[in-house]
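Position 1 is the first residue of the sequence; numbering continues from there.
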Amino acid sequence: MPIYRTVSEEETIALGQQLAMELPRRGVVLLIGNLGAGKTTLAKGIVLGRGVAEPDEVSSPTFTLIHEYGPDASVYHIDLYRLDEARQVATLGLEDLFDRDALILIEWGERFPELMPPERTEIRLRPGPGNNDEREIDVRQLI
Ligand code: ADP
Ligand code: MG
């Protein structure tokens, strides 16, 4: 279970680009961490690493909820922050997305564990012990 350490936004993007090669080709990846932890930044690196967008095309789906990348929709980036109840999340049709041949990155998905597939990757981001730009990032595969 590797733990990575980054000390800047740029390094977290670079880590995402590296992880893009190592993550399963398809399936759900939960990005877990507080506001400002770097979830969207890491997702941007993963999207860039999969070669499905340019840097200025990747933004936070906080308001749009779901962003789709690639000509064949091979990467999705979802942010459930603004949804409060599983009932609201259920209207998004996530199960249909989960069945697709795509990598699905989800922020705040851990708030709705009953709606997440048990077979998934979890990436946790937390502040490092040092300066404010330090982050510890660990990756684990469930099942
Ligand atoms: P989240 O999606 O978890 O709320 P964001 O990725 O949107 O977080 O924002 C992370 C913020 O923290 C950005 O403003 C970024 O510049 C800053 N930051 C500082 N150091 C780092 C780092 N090592 N990795 C990622 N972001 C960092
Ligand atoms: Mg975010």
Side-chain angles (χ1 to χ4, degrees), residues 1-86 88-89 91-98 100-143:
M1 185 190 312
I3 297 189
Y4 302 94
R5 181 166 283 110
T6 69
V7 295
S8 67
E9 180 176 346
E10 291 72 25
E11 271 194 28
T12 296
I13 292 173
L15 174 64
Q17 290 176 297
Q18 176 192 330
L19 291 176
M21 333 275 195
E22 297 167 11
L23 289 168
R25 195 178 52 78
R26 66 170 304 285
V28 169
V29 176
L30 298 191
L31 300 167
I32 304 173
N34 289 334
L35 274 180
K39 301 179 296 297
T40 295
T41 304
L42 188 69
K44 178 173 184 169
I46 295 170
V47 170
L48 296 179
R50 288 281 164 117
V52 289
E54 298 297 324
D56 64 350
E57 295 171 331
V58 185
S59 61
S60 175
T62 305
F63 294 96
T64 43
L65 304 186
I66 302 179
H67 287 174
E68 184 185 300
Y69 295 100
D72 51 0
S74 59
V75 182
Y76 289 87
H77 181 194
I78 298 171
D79 187 344
L80 301 178
Y81 181 73
R82 290 174 57 83
L83 300 186
D84 296 320
E85 296 170 26
Q88 299 172 297
V89 179
T91 65
L92 296 179
L94 293 184
E95 281 180 17
D96 169 55
L97 284 191
F98 295 167
R100 295 190 195 178
D101 196 15
L103 186 69
I104 301 171
L105 310 171
I106 308 182
E107 299 184 37
W108 301 105
E110 77 282 5
R111 294 171 57 228
F112 308 100
E114 69 281 11
L115 299 179
M116 299 296 124
E119 182 179 350
R120 63 182 185 248
T121 307
E122 292 189 347
I123 303 181
R124 286 192 166 68
L125 303 94
R126 51 185 161 269
N131 74 64
N132 287 340
D133 290 342
E134 205 169 293
R135 301 287 190 277
E136 287 178 354
I137 299 168
D138 77 71
V139 182
R140 84 179 70 162
Q141 185 65 41
L142 272 59
I143 302 183

Colleague: According to side-chain hydrogen bond (donor to acceptor under 3.5 Å, both in side chains), who are the partners of Glu136, at least two apart in sequence or on a separate chain?
Modeller: Arg5
Colleague: As an exercise, state the distance from CG of Leu80 to CG of Leu30, rounded to the nearest 0.5 Å.
Modeller: 9.0 Å
Colleague: When rounded to the nearest 0.5 angstrom, what is the spacing between CZ in Phe98 and CZ in Arg120?
Modeller: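 Nearest 0.5 Å value for the CZ-CZ distance: 9.5 Å.
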Colleague: As an exercise, state the distance from CZ of Arg135 to CG of Leu125, rounded to the nearest 0.5 Å.
Modeller: 8.5 Å
Colleague: For Tyr69 versus Ala53, what's the shortest heavy-atom pair and its separation?
Modeller: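 Shortest heavy-atom separation between Tyr69 and Ala53 comes out as CD2-CB, 3.7 Å.
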Colleague: Identify which one of Ile137, Asp79, Leu31 satisfies the side-chain contact (heavy atoms from CB on, under 4.5 Å) criterion when paired with Lys39.
Modeller: Leu31
Colleague: Please round to the nearest 0.5 Å and tell me the distance separating atom CG of Leu15 and atom CD1 of Ile123.
Modeller: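 Reported value, rounded in 0.5 Å steps: 8.0 Å.
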Colleague: Going by side-chain hydrogen bond (donor to acceptor under 3.5 Å, both in side chains), name the residues that satisfy it together with Arg126, two or more places apart in sequence or in a different chain.
Modeller: Asp138
Colleague: Only one of Ile78, Ile104, Leu115 forms a side-chain contact (heavy atoms from CB on, under 4.5 Å) with Leu94, so which one is it?
Modeller: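 In the set Ile78, Ile104, Leu115, the residue that makes a side-chain contact (heavy atoms from CB on, under 4.5 Å) with Leu94 is Ile78.
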Colleague: Check whether Arg140 reaches the backbone of Glu122 with its side chain - one donor and one acceptor, N or O, closer than 3.5 Å.
Modeller: no
Colleague: Run the side-chain donor-acceptor check on residues 40-48: report pairs under 3.5 Å with partners two or more places apart or on a different chain.
Modeller:
{"residue": "Thr40", "atom": "OG1", "partner": "Glu107", "partner atom": "OE1", "Å": "3.2"}
{"residue": "Thr40", "atom": "OG1", "partner": "Glu107", "partner atom": "OE2", "Å": "2.6"}
{"residue": "Lys44", "atom": "NZ", "partner": "Pro55", "partner atom": "O", "Å": "3.4"}

Colleague: Donor-acceptor check, side chain of Arg111 to backbone of Trp108, threshold 3.5 angstrom: yes or no?
Modeller: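 Side chain of Arg111 to backbone of Trp108: no pair is present.
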Colleague: At what distance, to the nearest 0.5 angstrom, does OG of Ser60 lie from NE2 of His67?
Modeller: 7.5 Å
Colleague: Could you go through Met116 and Ile106, starting from their C-alpha distance and side-chain angles, then the distance that decides it, and tell me whether this counts as side-chain contact (heavy atoms from CB on, under 4.5 Å)?
Modeller: CA-CA 10 Å; Met116 299 296 124; Ile106 308 182; 3.9 Å; yes
Colleague: To the nearest 0.5 Å, what is the distance between CZ (Arg82) and CD (Gln88)?
Modeller: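 Between atom CZ of Arg82 and atom CD of Gln88 there are 10.5 Å.
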Colleague: Within a strict 4.5 Å, meaning less than it, do heavy atoms of the Leu103 and Arg26 side chains meet?
Modeller: no
Colleague: For Gly38 and Thr12, work out which heavy atoms get closest and say how close.
Modeller: O-CG2, 4.2 Å
